[in-house]
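Reminder, nothing fancy here: chain letters follow the sequence lines and each chain counts from 1. Side chains are part of it too, since the values below use all heavy atoms of this structure and drop only hydrogens, waters and symmetry mates.
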2 protein chains.
Amino acid sequence: MTERSTESRRPTIKEVARLAGVSHQTVSRYLRSRNGLKPDTLSRIDAAVNELNYRPNLVARSMRTRRTGRLAVLLPTMLYNPARMLHGATEAAHEAGFSVEAVSVIGDTEARTERMLEIAGTGQVEGVLALAPISPGVGDQLPQGGTIVVAADFDDQMRGIGELADASPLVAVMERLVEYGHRRFFHVAGNLQFASARARKAAYLETVERLGLESAGVVDGDWSGKSGYDAVHSLSDEQMPTAVVAANDIVASGAIRALIERGLDVPGDVSVTGWDNNEACQYLPPGLTSVELNLEGLGRNAMLSLVKAISGRELEPAPRPLQHVVWRESTGPAPRR
Amino acid sequence: MTERSTESRRPTIKEVARLAGVSHQTVSRYLRSRNGLKPDTLSRIDAAVNELNYRPNLVARSMRTRRTGRLAVLLPTMLYNPARMLHGATEAAHEAGFSVEAVSVIGDTEARTERMLEIAGTGQVEGVLALAPISPGVGDQLPQGGTIVVAADFDDQMRGIGELADASPLVAVMERLVEYGHRRFFHVAGNLQFASARARKAAYLETVERLGLESAGVVDGDWSGKSGYDAVHSLSDEQMPTAVVAANDIVASGAIRALIERGLDVPGDVSVTGWDNNEACQYLPPGLTSVELNLEGLGRNAMLSLVKAISGRELEPAPRPLQHVVWRESTGPAPRR
DNA sequence: CAGGAAATAGTGATCGTTCACTATTTGCGG
DNA sequence: CCGCAAATAGTGAACGATCACTATTTCCTG
């Protein structure tokens, strides 16, 4: 389906004014508040607007007001589904009267950062929310003019908003597994450019240390099923843990596959946990123990900072908790040795 | 991380001109082509631009040129991961000199259509590519001004670009399964608001008819794992097919779960196929036979129509085929009865 | 009904860029 | 070194809205 509407120019505020028999400024007032106008005037403008099917030219408005009401969200490509987070962020932005542009960029942190500066520098958006990792100190490079950048993921100095990278459910998972008798763990990390991957890895190591557990080690992966598959196959029989904590569900699925290929039962011999509560992994046998994320909530809360920084407006944050563990069949008591 | 750059106004073309000792028009020329300027003039402007860290105000430019160079892509929310399609579409748009705004809208077809009209009507974008179902005949409602709308999914009169809804791999899957000895099939459809779901259902029914197969029926679902799970459980033992063709991998995972719960082996008793080549489903046992999509290519090709309609420019389409079947362990010979 | 404040409406400048012209400089043949 | 075309640069209007004022009308009070 392809349609092109009539070629004639769109009507302007002055044409509406002429048709309604008022000045352009009166129409301008009408557009913004609709108060302080006589009922008669108002209805004449109403009629003119309808007759001409007038809609204000937002480009011209932006030009004069120096406000675009638009925000950009920088998304990572392909690594996970950012749609739900984007949705939460967009909803919050709408509440504060902003529209949102999503920009997905391939390439590394540097490429993303470059593109972000480009977006921020042309006055097209009032702020940028980066849901993908960007270089630190990027704010300093911003051209003058007040475009604000909020990074939801950590920057390289490990500062960050935090919620996105909150790894506490991983600690809860491990503690419960310890109650189940597990002593020997293994962690397959995600792409460490992501704060969430770094945080989960750190939480794993910290918990091993704190509870005096054994660890078959940590393998740095890339969020892929293959990374989980390869990591498990890289272990010797002696190293084999009784619990594999994977960075996400995809990694977990690869790990489970490798465990089965090695003749091990899940959860009989080895328990496996994931992250993200991937719908496919809920059903396939064994149902995967995972961490359910309120992605809309996380997106919303990330956007709150940006909205506040730009307009000072404080929106209602998403109700906590934003993550919780869902126990399924892939976890169970540690095997007797 | 939150940063605010200096509050001072961004430099304008006139300030650059003054610093370089030329007229604003000369700077304007410099910005566009950089030809037809004396080397001396050019380097003076270069220096001024760098010193002021000048970037053109695209809002002002759009105002004068009546062109924004921006396109919008309307995305469905949450049903599947549109990131890769968006990426292909964005890449194609960049090649033609457009930037892309992604708009995800919740709600039904009507709500989406309404929002789309809003976006198209304010002159902020030159075109809209709808990757989510919208109401038919929407072009007629568009305000004057030449915003173009291209719908990649079918409209309600079942016209459409087609590639997105190409169900031919489903036919290939069924024919192969027939070679394997399968005679009795079952289809769990996706949300029929989507052209792809309608096309797969139609292809299933047509193939059953053409090859004279038995069908345990078609259940209309919603792309969810639960819909696959419930659909299988709704069958009596007598109705049970030897092959389940699911609308996508998530649905397939639900179906597999239900089959296992009923004591059936996959693929020993029943073969199952999905769609989308979901990464998690590749690993979990049994590896799911599915249809791999070149989502970037599909997104790209959808964008081509829009770009062509707006600028007349014809970009290189993605190489075919854009979909192909990946055979894995969830399919096998029909059981002897 | 005069007078003044409040409510309502109008006028012209302005945002930062490009467009359509006009003006100036350069280069070159004779 | 004149004259003229080509190359280069400058001037002012325009895009479509809002802002900062000023002007007019309405309403109320005494």
Q: Return the set of residues passing salt bridge (charged side-chain N to carboxylate O under 4.0 Å, His left out) with B/Arg29 (not counting sequence neighbours), or none when no residue passes.
A: none
Q: Only counting residues at least two apart or in another chain, list the ones meeting salt bridge (charged side-chain N to carboxylate O under 4.0 Å, His left out) with B/Arg300.
A: B/Glu95
Q) Does anything in residues 21-31 of chain A reach DNA chain D, meaning a heavy atom under 4.0 Å, and if so which residues? A) A/His24, A/Gln25, A/Ser28
Q: State whether B/Arg70 and B/Glu126 are salt-bridged, where the test is any N-O pair (Lys NZ or Arg NE/NH1/NH2 against Asp/Glu carboxylate O) under 4.0 Å.
A: no
How many Å lie between [atom1] on [X] and [atom2] on [N], as a whole number?
X	N	atom1	atom2	answer
A/Arg44	C/dA9	CZ	C1'	11 Å
B/Ile13	D/dA9	CD1	C1'	14 Å
B/Tyr54	C/dT17	OH	P	3 Å
B/Arg55	C/dG16	CZ	P	17 Å
A/Leu37	C/dT8	CG	C1'	8 Å
A/Lys14	C/dG10	NZ	P	14 Å
A/Arg18	D/dG16	CZ	C1'	14 Å
A/Ile45	C/dG10	CD1	C1'	12 Å

Identify all pairs in which a protein N or O lies below 3.5 Å from an N or O of nucleotides 23-28 of chain C, and state each distance.
none

Nearest 0.5 angstrom please: [X] [atom1] to [Y] [atom2], how far?
X	Y	atom1	atom2	result
B/Leu52	B/Glu15	CG	CD	7.0 Å
A/Leu129	A/Leu71	CG	CG	8.5 Å
A/Arg44	A/Leu37	CZ	CG	10.5 Å
A/Met63	B/Leu58	CE	CG	12.0 Å

**Q.** Helical bend (five base pairs per end, nearest 10°) for the helix from C/dC1-D/dG30 to C/dG30-D/dC1
**A.** 30°
Q | Distance below 4.0 Å between B/Thr41 side-chain N/O and D/dT8 OP1 or OP2 | A | no
(Q) Please list, in numerical order, the residues of residues 58-69 of chain B that have a heavy atom closer than 4.0 Å to any atom of DNA chain C. (A) B/Ala60, B/Arg61, B/Met63, B/Arg64, B/Thr65
